[in-house]
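In what follows, a single structure is set out as structure tokens and then discussed.
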Amino acid sequence: MNEPVVLGIESTCDETAAAVVRGHDLLSNVVASSMDEHARYGGVIPEIASRAHAEAFVPVVSKALADAGMSVSDVDAIAVSAGPGLAGCLAVGVSGAKALAWAANKPIYGINHVIGHIAVTQLQFGAFPPDTLALIVSGGHTSLLHVGDVARHIDVVGTTLDDAAGECFDKVARLLGFPYPGGPHIDRHAQAGDPHAIKVPQGLTQGRAGREHPYDFSFSGVKTAVARWIEERRAQGLDVPVDDVCASLADSVAGVLARKAMRGCEQYGSRTLIVGGGFSANSQLRAKLLEVGAEHGVEVRVPELRLCTDNGAMVAMLGVNLVEAGVAPSSPDFPIDSAMPLDRICM
């Protein structure tokens, strides 16, 4: 069998994206973001995002095919994110992809876009070794997953019990007066600060909670502790050392993520850790994971920045995995699932 060619389409949040992948080769990757339209509101507004997807869908998909030197008749299958994500946004992408698949008589796969964040690393690092563990860190997800077979079997090892790492950063950023999205601003200021200046708690790592939830994550208490510290400083008429706050927060969150990921690797005998999701662009986390991975003899695969945030390449790459594994396409009338469980790979 020749290497399958898959068109991937992504519209779970504020990026409209499409890409074409042949085998493990990325032929095109186009992303249109509506982030600037949401910035004034301090977060993503689903209705605005859905309208932006409707406007960008045809131009983005057309450019992805053109950049790959193909038409839709040249692809073997179409893959589209069916969840998890914002329902209105998912509906636009899935409806468009279904129409395209029907018109071109192509099989379609409605995929879990979080699993796409795992699959995309193959474009940079190649196939997965056995017993690979994956750390997914994004605005809405912080999860540890065991990759038995990226096309057929994923086990959830740990997940967030409240705020994900990205949510924690965005909420603290708002307190510090940073515009949305706050993560990049905290990252930049953290590079100039002292990571030990402020004592920041590390959720679910100590005592009974740590024993009962060895692989789960909780960043709500971290956000609250930092918020109270900032409020107390301001109440006393003192300046808030922004760089130190950002550095201490980033160091705490990165430390928790790295330690729990390494504990998971030990539990499963994993010598490879895949990192995915928009928050994996954070420089403190990338550095901490590489440092702790080297100490534990674990290869840490962190994708290049353009493959961290939501993109069509990750959807197309997972589609290639599904085609190569002989997984049956989704039914033409498959639904979206805004809360798709992480152990479901395809609809």
Worked check of side-chain contact (heavy atoms from CB on, under 4.5 Å) between Phe279 and Val253: CA-CA 11 Å; Phe279 192 78; Val253 171; 4.2 Å; yes
side-chain contact (heavy atoms from CB on, under 4.5 Å) assessment of Ile111 paired with Leu322: CA-CA 9 Å; Ile111 64 100; Leu322 292 165; 3.6 Å; yes
Test side chain to side chain donor-acceptor pair (under 3.5 Å) applied to Ser73 and Ser71, step by step: CA-CA 5 Å; Ser73 62; Ser71 68; 2.7 Å; yes
Side chain to side chain donor-acceptor pair (under 3.5 Å) assessment of His117 paired with Asp310: CA-CA 8 Å; His117 281 300; Asp310 293 345; 3.1 Å; yes
Full working for side chain to side chain donor-acceptor pair (under 3.5 Å) between Asp155 and His153: CA-CA 7 Å; Asp155 288 314; His153 190 79; 3.1 Å; yes
Steps toward side-chain contact (heavy atoms from CB on, under 4.5 Å) verdict (Glu10, Thr16): CA-CA 6 Å; Glu10 156 68 20; Thr16 312; over 6 Å; no
From CA spacing to verdict: side-chain contact (heavy atoms from CB on, under 4.5 Å), Ile345, Val150: CA-CA 8 Å; Ile345 299 166; Val150 73; over 6 Å; no
Working for side chain to side chain donor-acceptor pair (under 3.5 Å), residues Ser218 and Asp162: CA-CA 6 Å; Ser218 169; Asp162 42 57; 2.7 Å; yes
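Looking at Gln122 and Asn321, their side chains do bring a donor and an acceptor atom within 3.5 Å of each other. Between the side chains of Ser270 and Asp131, not a single donor N or O lies within less than 3.5 Å of an accepting N or O.
Note on ring orientation: taking the six-membered ring where Trp is involved, the planes of Phe178 and His185 are parallel (angle under 30°, cut-offs 30° and 60°).
For Glu212 and Arg208, the salt-bridge test passes: some basic side-chain N is under 4.0 Å from an acidic carboxylate O. Residues Lys106 and Asp76 are not paired through a salt bridge, judged by the lack of any N-O separation under 4.0 Å between the basic side chain and the carboxylate.
The environment of CZ in Arg51 is sparse: at most 12 heavy-atom neighbours from other residues, nucleotides or ligands sit within 6.0 Å. Within a 6.0 Å sphere centred on CZ of Arg301, other residues, nucleotides and ligands contribute more than 12 heavy atoms.
Minimum heavy-atom separation, Asp251 to His196: OD2-CE1, 4.4 Å. For the pair Gly182 and Asp170, the tightest heavy-atom approach, listed with the atom from each and the gap, is N-OD1, 3.0 Å. In terms of heavy-atom proximity, His53 sits nearest to Asp14 at CE1-C, 4.2 Å. Closest non-hydrogen pair, Cys308 versus Pro303, comes out as SG-O, 3.5 Å. Across all non-hydrogen atoms, the minimal contact from Leu26 to Val21 is CD1-CG2, 3.8 Å. Of all heavy-atom pairs spanning Pro129 and Thr272, the tightest one is CG-OG1, 3.3 Å.
With hydrogens and angles disregarded, a donor-acceptor distance shorter than 3.5 Å links the side chain of Asp187 to the backbone of Ser283. Of the possible polar contacts, none joining the Thr132 side chain to the Phe128 backbone as a donor-acceptor pair under 3.5 Å is found. A donor-acceptor pair under 3.5 Å is absent between the side-chain atoms of Arg271 and the main chain of Pro130, judged by distance alone. Panel note: side chain Tyr109, backbone Met347; no donor-acceptor pair is recorded below 3.5 Å. Listed for the Arg22 side chain is no donor-acceptor partner under 3.5 Å among the backbone atoms of Glu3. Between the side chain of Ser81 and the backbone N or O of Thr12 there is no donor-acceptor pair closer than 3.5 Å.
No single ILVMFWY cluster, assembled from side-chain heavy atoms under 4.5 Å apart, contains both Val20 and Leu307. Both Ile118 and Val327 are members of a single hydrophobic cluster when ILVMFWY side chains are connected at heavy-atom separations under 4.5 Å.
How far CG of Leu305 is from CG of Asn282: 10.5 Å, rounded to the nearest 0.5 Å.
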